Amino acid sequence: MNLFIMGLPGAGKGTQAEMIVRDYGVVHVSTGDMFRAAMKEGTPMGLAAKTYIDKGELVPDEVTDGIVKERLAAADIRAHGFLLDGYPRNFHQAEKLDEILSALTMKLDAVINIDVNPEILVARISGRFICRKCGATYHKIFKKPLKDYTCDVCGACDFYQRADDVPETVENRIEINQKESAPVLKYYVAKSLVKTVEGSTTIEQTTSEVKAALDVLK
Ligand code: AP5
Ligand code: MG
Ligand code: ZN
């Protein structure tokens, strides 16, 4: 299966992606995660991306298109399928993705759109913390680790908060995404690929809606 999960910042893309990757065996391709890995390594691409990410702006298309094109061409994607998270994020990227997939003789099977009330996003994002070792995502109220200060997935006790999760940047991320994602959604609705799930409820409720949408594709 080849999937794309979309939704505003804090909608729960990464959270639902953890379940989808585990239960459906597809490869998680998150442009945000790829940029954060590059920033951590201090590569020239990472340093360039940081100037945009820290302001909550989109990284220029030529950079983002390039890393997605390279990643989707890898053998593990051909073998297992993919779950794109955070790409395409504007109309140009949606058209570009079609071009990339067509060159690789692949196609998208479905777009999962997490619909969420924008008013709850700041609380979601400000409470988020992430395992430094394995990347599992938690929330100080909505998704606490089973054992305090210990990652459920890998057992590590080292967490961090994202540098772009400060209030000023979050507001800008939400605003830009609202504007840029509308034409992307329209693009995929016209292709009858969209499965919209309710993202303002609990994590478990959203997960069961995502599973119902994906199980008909299997
Ligand atoms: P990216 O990393 O993609 O960030 P984002 O889109 O802002 O989305 P988030 O990762 O913040 O939210 P999420 O939907 O994954 O939520 P999560 O599951 O963690 O991109 C970062 C930056 O990189 C961009 O701003 C841009 O600069 C750049 N970039 C990336 N892609 C790009 C592209 N294509 N083009 C150009 N630039 C690009 O959940 C959030 C929190 O809420 C967690 O704590 C979670 O535990 C909790 N939670 C989740 N679901 C629920 C629920 N149902 N109820 C209660 N709590 C919940
Ligand atoms: Mg995410
Ligand atoms: Zn971990």
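All values reported here derive from a predicted model rather than from experimental measurement. Ligands are counted one by one from 1 in listed order, and the atoms in each one are counted from 1 as well.
Asp164 places none of its side-chain heavy atoms less than 4.5 Å from the side chain of Tyr52. Between Val27 and Leu83, the closest side-chain pair of non-hydrogen atoms is not below 4.5 Å.
Of all the heavy atoms of Arg173, the ones lying under 4.0 Å from any atom of ligand 1 belong exclusively to the side chain.
Each of the atoms 31 (N), 32 (C), 33 (C), 34 (N) of ligand 1 lies under 4.0 Å from some heavy atom of Gly86. For ligand 1, the atoms lying closer than 4.0 Å to a non-hydrogen atom of Glu57 are 26 (C), 27 (O). Those atoms of ligand 1 with a heavy atom of Thr31 less than 4.0 angstrom away are 30 (C), 31 (N), 32 (C), 34 (N). In summary, the atoms of ligand 1 found under 4.0 Å from a heavy atom of Gly14, numbered by their order in the structure, are 13 (P), 15 (O), 18 (O). Contact atoms of ligand 1 toward Phe142: 55 (C), 56 (N) (distance under 4.0 Å to a heavy atom of the residue). Which parts of ligand 1 touch Thr64 is read off a 4.0 Å heavy-atom cut-off, strictly below it: atoms 33 (C), 34 (N), 35 (N), 36 (C). Counting atoms of ligand 1 from 1 in the listed order, those under 4.0 Å from a heavy atom of Asp164 are 21 (C). Every atom of ligand 1 with a heavy atom of Tyr138 under 4.0 Å away is listed here by number and element: 43 (C), 44 (O), 46 (O).
One finds an angle of 110° at the Zn ion (ligand 3) between SG on Cys134 and SG on Cys131, to the nearest 10 degrees. For Cys154 atom SG and Cys151 atom SG, the angle they make at the Zn ion (ligand 3) is roughly 110°, to 10 degrees.
Residue contact check for ligand 1: Gly10 places a non-hydrogen atom closer than 4.0 Å to it. Residue contacts with ligand 1 leave out Gly127, since none of its heavy atoms falls under 4.0 Å from the ligand.
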All N/O donor-acceptor pairs, side-chain side in residues 64-74, below 3.5 Å, sequence neighbours left out:
from	atom 1	to	atom 2	distance (Å)
Thr64	OG1	Pro60	O	3.2
Asp65	OD1	Tyr87	OH	2.7
Asp65	OD2	His92	NE2	2.6
Arg71	NH1	Asp76	OD1	3.1
Arg71	NH2	Asp76	OD2	2.7

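Counting non-hydrogen atoms of other residues, nucleotides and ligands closer than 6.0 Å to CD of Glu168 gives a total above 12. Within a 6.0 Å sphere centred on NZ of Lys50, heavy atoms belonging to other residues, nucleotides or ligands number 12 at most.
Remark: Lys133 does not engage Asp158 in a salt bridge, criterion side-chain N to carboxylate O under 4.0 Å. Between Arg128 and Asp165, at least one side-chain nitrogen of the basic residue sits less than 4.0 Å from a carboxylate oxygen of the acidic one, meeting the salt-bridge criterion.
Protein heavy atom in closest approach to atom 42 (O) of ligand 1: Arg124 CD, 3.3 Å. For atom 16 (O) of ligand 1, the closest heavy atom belonging to the protein is Gly12 N, 3.4 Å.
For a threshold of 3.5 Å applied to N or O pairs, the pair formed by Ile125 and ligand 1 contains no separation below that value. Not one N or O of Asp165 is nearer than 3.5 Å to an N or O of ligand 1, by distance alone. For the pair Arg36 and ligand 1, the shortest N or O to N or O distance falls below 3.5 Å.
For atom 14 (O) of ligand 1, the nearest non-hydrogen atom from the set Glu198, Lys13, Gln205 comes from Lys13. In this structure, of Arg162, Gln93, Arg89, the residue bringing a heavy atom nearest to atom 35 (N) of ligand 1 is Gln93. Remark: among candidates Thr202, Thr201, Asn177, Ile203, the nearest residue to atom 51 (C) of ligand 1 is Ile203, based on non-hydrogen atoms.
In plain terms, the two heavy atoms of Thr137 and Lys143 that are nearest each other are O-NZ, 3.3 Å. Of all heavy-atom pairs between Thr169 and Lys55, the closest is CG2-C, 3.8 Å.
Rounded to the nearest 0.5 Å, atoms CD (Glu18) and CD1 (Ile203) are 9.0 Å apart.
The aromatic rings of Phe129 and Tyr138 sit parallel, their planes meeting at an angle under 30°, below the 60° perpendicular limit.
Side-chain contact check for Tyr187 and Asp98: at least one donor-acceptor pair (N or O, by modelled atom type) lies under 3.5 Å.
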